[in-house]
Every structure is written in C-alpha cells, then in structure tokens.
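FYI, side chains are in, hydrogens and waters are out, and symmetry mates aren't considered; it's all heavy atoms of this structure. Chain A is the first sequence line, chain B the second, and so forth, proteins listed ahead of strands; every chain is numbered from 1.
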Amino acid sequence: MSATTKDTAVSDAARDAASARSTSTGSPSRRRRRPRPRWWLYVVLTLGLVAMVMPFVWMLLGSFKTTAEIRQYPTNFWPIEPTIDNYTQLFGRLDFATFFTNSIIVAVFVTLGNIVFSSMVGYALAKLEFRGKKVLFVLVLGTLMVPGVVTFVPLFVLTANLGLVNSYPGMILPFLITPLGVFLMRQFMLSLPDDIIEAARIDGAGEWRTFLSVIMPLCGPAVATLTILTFLGSWNNFLWPLVVATSEDKYTLPVALALYSVGQNAAQYGLMMAGAVVVVVPVLLIFVVLQRYFVQGIALTGIK
Amino acid sequence: MATLAPQAPARARASRRSRHATLVAWGFAAPFLILFLVFMAGPIVASLMMSFTDLTTRDLQTPFNVNFVGFENYAELFADPRFVRSLLNTAVFVIVGVPLTMALALAVALALNTGIAKFRTVFRVGYYAPVVTSIVAIAIVWRFILQPDGLLNGFLGWFGIAGPGWLQSTTWALPSLILMAVWRNIGTLMVIFLAGLQGVPKEHHEAAMVDGANAFQRFGNITIPAMRPTLLFAAVITGIGFLQFFEEPFVMTRGGPLDATLSAAMYTFNQFGFGNYSYASAASYVLFLAIVALSLIQFRLLGKKD
C-alpha cells in the first residue's frame with residue numbers, strides 16, 4: 001500500500017482498513033488523478049468542522065465556569081474566573097465516581113461476553129457446514145431490524161421475575177450478545193482462507209483447537225473493532241439502564257446525567273456541563289487514539 | 001460433503017460425519033443461541049403476544065394470568081390524539097432529518113474525496129466525533145446552546161437576528177431536535193459514503209471528462225447511479241435510527257412543549273412508566289411496523305435496478 005501524500009481520502013480509508021486487517025481482500029490502491037485541491041473546499045470543510053466541534057468546546061469551557069457566568073448575556077466564550085468547583089461537586093455531592101465505576105463494570109462484562117459468544121457463533125456461521133445454518137443466520141440478521149423498545153416490556157417482566165431489577169446482571173445479561181457482533185465476526189472470518197483450517201485438521205486439531213489456536217489469533221483486528229463498538233455502545237446505552245437501575249448506587253453515567261439534568265440540579269449549568277464532560281471525554285479520547293478502527297468498523301458493519 | 005463413490009457404507013459414513021459436524025457447529029452456537037432465545041427472540045414474540053392482552057403492573061409476578069383482548073390496544077392507540085401526534089412528530093423528524101443528514105454527509109464525503117490531501121484525518125475525526133459520544137451528554141450541552149440566552153442566539157445576534165427560545169417554542173422545538181440529530185449523524189454516513197465512493201469506477205469519470213461533461217453532470221450521471229446501493233443502505237439505517245428518536249426529547253424537552261416533540265418511542269416509554277405494559281407493547285409494535293414499512297418504501301424508491 002502506498003503511503004504517499006497524494007492518495008485520496010478513500011484510499012486512506014482503504015489503507016487504514018488494510019493495515020488493520022491482516023489479510024486484505026481489497027485491490028491495491030490505484031493512483032487516481034485528482035484535480036488540485038481547491039482552497040474553497042478547505043474553507044467550507046473548516047467551517048463545517050467548527051460547527052461540528054463547537055458543542056464539545058462549549059461543553060469543556062462551560063464545565064469550568066460558574067453558573068452565574070454561563071447565564072450572563074451575552075455569554076463569555078472563555079471562562080473569566082476558571083473554577084473546578086463543578087467537578088468537586090460532581091464527585092463529592094453527586095457521587096459520579098460510583099456511576100463511573102458502574103458504567104465500567106457493565107461495559108467490561110458486556111464487551112467480554114460479546115467477544116466470546118460472537119466469535120464462537122461467528123466461526124460456526126463462517127467456517128462450518130451444518131443443518132440449520134441459514135435459518136440461524138437469517139434469525140440473527142432479522143433481529144437487527146427490531147427496535148429496542150419492542151423488547152423492553154417483556155424484557156423488564158422477565159428481569160423482574162428473575163429478581164434482577166436494579167442489579168448488575170440485570171443490566172448486563174440482555175446485552176451479552178448483539179446481532180451486530182455476530183455479523184461482524186462472521187464477515188471477518190469469511191475472509192480468512194479455508195486452507196489454514198484444512199492444514200490444522202490435517203495436523204489433527206479438533207474444531208475447538210482450530211478455533212482457539214488458529215482462527216482466534218488471526219481475528220485481532222475484528223476483535224479490536226468489536227471491543228471498541230460494544231464498549232462504546234454499552235457506555236452510551238441509556239434506555240435499558242434507565243429502566244433497570246432503580247436506585248442511585250446502580251446508575252450508569254448517562255442515566256445519572258439524564259435524571260439529574262431534569263431535577264433541581266438542572267439550573268446548575270456548569271455542573272451539568274462537567275457531568276457531560278465526564279461522560280463524553282473518555283470515549284472521545286479513546287476514539288481519537290483508535291479512530292482507524294472505528295472507521296473500519298463503521299465501514300464493515302455500517303451501524304454505529 | 002460430496003461422496004465420490006455413492007456406495008451405501010460410504011454414504012452412511014458421510015451422513016454420520018455430517019451429523020457430527022452439525023453437532024459440533026451447534027456446540028459453537030449454543031451459548032449465543034440460549035441468550036438469543038431468552039433475551040431477544042423470546043421478548044420479541046412475547047411483546048407481540050402481550051400487545052393483544054391487558055397486562056399491567058399488577059400482573060408482573062404472574063404474567064400469564066391475563067386476558068386476551070384482541071386488537072383493543074391497537075384501536076385505543078389510534079384513538080389517542082397524543083399517540084397520533086407522536087407518530088406525526090416522528091414522521092416529520094424522519095422526513096426532514098434523513099434526507100438532510102444524507103445530503104450534508106454526501107457533501108462532506110465528496111469534498112473529502114476530491115482533492116483534500118492535508119488534514120484529512122483531522123476532518124474525519126472532527127466530523128465523526130459526535131457519533132461516538134453519549135447522546136444524553138450531548139443533549140444536555142445542546143440544551144444550553146439552545147437556551148434563549150445561549151450560544152446559538154448569541155451567534156445569531158452578531159447578524160442582528162433575535163433567535164427564539166428554541167426549546168420553549170412549539171414551532172422551533174422539533175426543528176431544534178432535528179438540527180441536533182443531523183449534527184450527530186453526519187459522521188456515520190460520511191464514512192459509509194467515503195467507502196461507497198471508492199466503488200465508483202474512475203474510468204467512467206475519465207470517459208465523461210473526455211466527452212466534456214462538467215462536474216455536476218458527472219455527479220448526477222455517474223456518481224449517484226454507482227452509489228445507489230450505498231445510498232439505499234444509508235437511507236435504511238438512518239431511517240431506522242431516526243424512527244427510534246428517544247433520547248433527545250427525553251433529555252431536552254420531555255416531549256414538550258405541548259407534545260411538540262413527543263416521539264412514538266417516547267410515548268411508548270411513558271406508557272411503560274405508567275404500568276400499561278400491554279398498551280406499551282402495542283405501541284412498540286406500531287413503531288416496528290413503521291420501521292419495516294419505511295425500509296420497504298426505501299427499497300422500492302432506491303433499490304430499483306438501472
């Protein structure tokens with residue numbers, strides 16, 4: 001793959017994908033003849049970029065302002081008397097440390113579950129021949145279209161009957177598998193050559209051995225993408241934790257933020273901005289570092 | 001599992017082997033399948049069944065001790081002006097939001113694909129950043145931006161425009177939420193479109209250029225037709241996402257003012273909160289059918305072969 005500065009955005013994306021996947025199936029990037037960059041494109045894109053990142057900048061600056069300062073009209077852009085009061089209040093009075101921990105616990109288990117279960121069923125769907133394979137795949141794909149709200153009433157009844165309301169298992173179990181994860185692992189495993197499986201079989205490895213020692217080590221890029229997408233999905237998940245977490249000690253960050261933002265704290269702009277920073281900035285940092293995997297995951301699955 | 005010599009013993013051996021293979025494969029699928037049946041397929045079916053019953057909170061411990069009421073919940077739904085209003089709001093959100101998001105994302109993707117070499121990663125990261133962030137947190141920030149004395153009106157003030165109290169206005173609340181959703185979803189489609197633009201054969205563009213076609217003609221006659229599958233895919237997933245419109249009104253307006261931003265998903269959630277479980281299930285199935293219908297329409301409009 002070329003790494004000259006001349007290649008296009010698309011071949012850039014292709015290179016990201018190719019370097020992330022050990023076995024690239026894409027054709028080698030052909031040099032495209034492009035018109036020279038036009039200055040006005042940069043201007044328009046930069047204006048758009050400012051519009052895109054402005055809410056984040058505003059959030060970050062706002063989190064260091066006092067409520068009085070935010071309420072001033074016209075508002076200051078930069079905090080005049082920067083303060084970290086909002087953060088001390090957040091972690092002191094509102095206990096965001098607990099919500100942060102809850103979010104981490106739920107996201108870690110959800111991510112682990114998705115890696116294990118999606119890889120297993122993905123292997124079966126990609127590399128094994130068996131009766132019922134088509135039915136299983138159609139079932140998985142079909143579920144992708146069903147909106148979350150359709151399942152949540154029976155899911156709540158089920159969770160209540162299992163006595164799992166307001167518990168970690170109640171928050172984790174329904175998300176241990178996602179159709180998207182299965183789809184992603186299957187697609188990736190399809191691209192692995194059958195020869196290596198044949199070779200493993202000739203060497204006398206059983207299916208489990210082949211799966212664990214031959215296939216999984218090659219799935220690094222897919223597992224990375226899946227990890228990022230599920231961790232992120234879980235971190236940002238709102239509707240289900242909102243329903244299941246009924247006491248403050250089980251709130252996840254988005255739930256806490258949403259519920260506090262409509263209560264008596266709602267008028268405390270700075271405090272709410274700081275809360276938003278605590279929810280957003282960790283994933284934003286992860287994203288900036290690992291952005292090529294995000295882009296690849298989106299391109300591979302098309303679903304956020 | 002083709003047997004070269006179709007003799008009886010060989011066939012028996014082959015079928016034994018395929019039975020074994022099937023067993024092993026289902027072994028791999030089993031943990032997923034159990035969770036899938038309990039937490040996905042089961043609830044999907046149960047929800048449909050519930051929507052024909054009168055299940056409420058009091059039946060929670062004995063969910064099967066309820067009455068079958070046929071289509072009563074559905075009839076009641078469509079007789080409720082608030083539900084109809086929520087459907088209309090959702091429809092406006094989809095009809096305005098989806099094309100707007102697609103058009104802007106396509107413009108950004110085209111710009112990034114046309115001769116922007118420097119800072120490409122910066123642009124990509126910037127435009128994609130809203131996608132990865134919690135919608136709840138973002139909604140809170142936007143709520144402050146859209147305050148009567150907020151950032152947006154401050155900006156408009158530079159041009160001598162006195163902006164409304166966006167979220168307090170029955171006229172502007174829904175457009176405000178659409179604006180925010182468009183902002184949030186551009187990144188996803190931009191990446192999909194960038195991948196799709198890769199599939200447009202450059203030979204066609206070169207031939208058209210030789211024939212003297214200008215950029216707009218090439219865009220309309222070459223890029224768009226070649227991108228059709230990508231556009232369809234983008235329209236379907238964006239449509240599905242926008243129909244489930246929930247977090248924005250939940251955090252920013254609670255469906256108000258005067259139900260101006262009440263969405264179907266929000267209505268469903270409220271009914272669930274009141275303990276009207278079967279009624280909420282029926283509402284969720286109406287939403288599901290709307291999603292299926294929208295997807296079919298999109299397939300019809302965009303999926304036809306040239």
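With hydrogens and angles disregarded, no donor-acceptor distance shorter than 3.5 Å links the side chain of B/Thr133 to the backbone of A/Val280.
The aromatic rings of B/Tyr128 and A/Phe287 sit tilted relative to each other, their planes meeting at an angle between 30° and 60°. Ring pair A/Phe56/B/Trp183 is tilted by interplanar angle, where 30° to 60° counts as tilted. B/Phe119 and A/Tyr42 have perpendicular rings, their planes meeting at more than 60° on a 0 to 90° scale where under 30° would count as parallel.
Within the 4.5 Å cutoff, side-chain heavy atoms of A/Thr46 are placed close to those of B/Phe123.
B/Trp26 and A/Arg131 make their closest contact through NE1-O, 3.0 Å (heavy atoms, listed as atom of the first residue, atom of the second, distance). For A/Leu49 against B/Tyr127, the heavy-atom pair with the smallest separation is N-OH, 3.2 Å. Residues A/Val279 and B/Ser134 approach most closely at CG1-CB, 3.4 Å, considering heavy atoms. Contact record, A/Val149 with B/Ser284: O-CB, 3.6 Å, taken as the closest heavy-atom pair. The minimum heavy-atom distance between A/Gly148 and B/Gln244, with the atom names listed, is N-OE1, 3.5 Å. Listed here is the closest heavy atom pair of B/Met40 and A/Pro179: CE-CD, 3.6 Å.
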### Query
Where do B/Val251 and A/Ser261 land on the side chain to side chain contact (heavy atoms under 4.5 Å, CB included) test, with the steps shown first?
CA-CA 8 Å; B/Val251 174; A/Ser261 76; 4.2 Å; yes
